[in-house]
Number of protein chains: 2
Amino acid sequence: MSKASPHRRVAAEKPRLPELPARRGAYAVVLDAALRLFAERGYGGTSVRDIATVAEVQPATLYAHFPSKAHVLAELVRIGHEVHQQRFREALLEVQPAPRLQLAAMVRAHVSMHADYPMLAVVANAELHALPAELAAPALQLRRESEQLLLEIVERGVRLGEFSVAQPWLAVAAIGSMGLRVANWYTPDLGMSADAVADAYVEFAWRIVGAKPQ
Amino acid sequence: MSKASPHRRVAAEKPRLPELPARRGAYAVVLDAALRLFAERGYGGTSVRDIATVAEVQPATLYAHFPSKAHVLAELVRIGHEVHQQRFREALLEVQPAPRLQLAAMVRAHVSMHADYPMLAVVANAELHALPAELAAPALQLRRESEQLLLEIVERGVRLGEFSVAQPWLAVAAIGSMGLRVANWYTPDLGMSADAVADAYVEFAWRIVGAKPQ
DNA sequence: TCAATGTCAACGAACGATCGTTTCAAATAA
DNA sequence: TTATTTGAAACGATCGTTCGTTGACATTGA
């Protein structure tokens, strides 16, 4: 399949990857091309030849750097989850132990990651199911840990009387969901900074968990 | 590609379609099989032979009822959006003109549709991009109308002093997003009714828009 | 200094398998 | 009968992947 879809799955135009070791040569251009194509057409809708064409490389060259097409996706999924986890870690390390501030830091990290790396986020989220189990396992593990962490923050907030929400796990699901989707529509062209979107979503998250005014 | 992914994109196990005219014979079993497979593996990850195998039919039989594989997806997308629009219409017809109640009715319709027809919702949302433009256009139109309707309700609520939210369109995006994702995790096995989930999400929506206590 | 050698990423071509789709005859329903 | 639906087989195209080779370049020995 080689045709582009006219209704885009990601608003962002350019693939964006964080700085990497080995960000030179065919490895890098293949990863960039795969990121753009997987985000726009999905894993199953993208052929190795499509990737090679966009990367301006021969199909065989891809196999000099990756064992298979699935491993290209696995690498993108790994990078995406690593960036996400890194932002979570930094957010937690720098924040005061008040649930209200912890929740804000996590939501800000979550949302701004999806706005800063929309294609990476879309691929890591929407194409995870295309990976064989053993390649998907690490990402699924990170995902569970992040969700658990957020749940513990909300539950602690309820226990301390700072939050008021009937089913904390449902609130966590809702907060996570609204952040995920940012990757699909955010682009700097909207005239809104990623930080501004994050600010708005922090306020939404506070409201969802019924955070008392500081 | 014929292998099943172990990490599911939809928690629900069985495909579910609303009552249809012509819900008999090969047309129906093909549509059911395609719904299940597109939801689990995506459009690009599903072959016509996969569909025919699950439907216990020959590949050629599919072409006696659909002009192409894309038209099978288009029909599922059409049905999904029709169900969604129908619930929206009913919700609006039966509700009092108070913004608070209008928002509740819309969110309830949105969420319960995604819980009642999770596979249909996932396919209509996640695989829309795989359709050629002319087949996707009607769905995109309905989508824009629904979003616009929700935005008008929130803006009216703000104008009447019943809601308090800085950027109504961001609130609408957040509310829509959290509802969408319900299709990915909801299953009756959770021991929670679709109505109960809808109730919780109505409360979240009220909080997001800063609805004054009735 | 300069040819000979070793290394390795990239290449063009091709593999068998599977893709979406078509043909057409047999079976079935009216 | 006639009209419709199904089945087995096959079409050319494209799939993911592999093959054997090329060419650029660093290292070597004289």
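- When rounded to the nearest whole Å, the span between OH of A/Y63 and P of C/dG12 equals 17 Å.
- The distance from atom CG of A/L62 to atom P of D/dT17 is 9 Å, rounded to the nearest whole Å.
- For A/S68, no side-chain nitrogen or oxygen approaches OP1 or OP2 of D/dG16 to under 4.0 Å.
- Using a 4.0 Å cut-off between charged nitrogen and carboxylate oxygen, A/R9 and A/E127 count as a salt-bridge pair.
- In the set C/dT21, C/dC11, D/dG7, C/dC11 carries the atom at the smallest distance from any side-chain atom of A/V57.
- Between the side chains of B/E82 and B/Q86, no donor-acceptor pair of N or O atoms lies under 3.5 Å.
- Comparing C/dT22, D/dA10, C/dC11 by their nearest atom to the side chain of B/R49 picks out D/dA10.
- Here the side chain of A/A60 is nearest to one of D/dT17, C/dG12, C/dT21, namely C/dG12.
- As rounded to whole Å, 12 Å separates atom P of C/dG20 from atom CG of B/L37.
- Heavy atoms of A/A64 sit nowhere under 4.0 angstrom from any nucleic acid atom.
- For the pair B/P67 and A/H65, both in contact range of DNA chain C, the more 5′-proximal nearest nucleotide belongs to A/H65.
- Rounded to a whole Å, the CZ atom of B/F66 is 15 Å from the P atom of C/dT22.
- Checking A/D50 against A/T53 by side-chain atom types alone, no donor-acceptor pair falls below 3.5 Å.
- Listed candidates were D/dT18, D/dC15, D/dG7. Nearest to the side chain of A/S47 is D/dC15.
- Between the P atom of C/dG20 and the NE2 atom of B/H71 lies a distance of 15 Å, rounded to the nearest Å.
- For the pair B/I51 CD1 and C/dG20 P, the computed distance is 8 Å after rounding to whole Å.
- No hydrogens or angles considered: nothing links the side chains of B/R181 and B/N125 as a donor-acceptor pair under 3.5 Å.
- No side-chain N or O of B/S193 forms a donor-acceptor pair with one of B/D195 less than 3.5 Å apart.
- As rounded to whole Å, 14 Å separates atom C1' of C/dC19 from atom CG of A/D50.
- Candidate nucleotides C/dC11, C/dT22, C/dT21 were compared by shortest atom distance to the side chain of A/Q58, and C/dC11 ranks first.
- The B/K69 side chain lies nearest to C/dT21 when the options are D/dT18, C/dT21, C/dT23.
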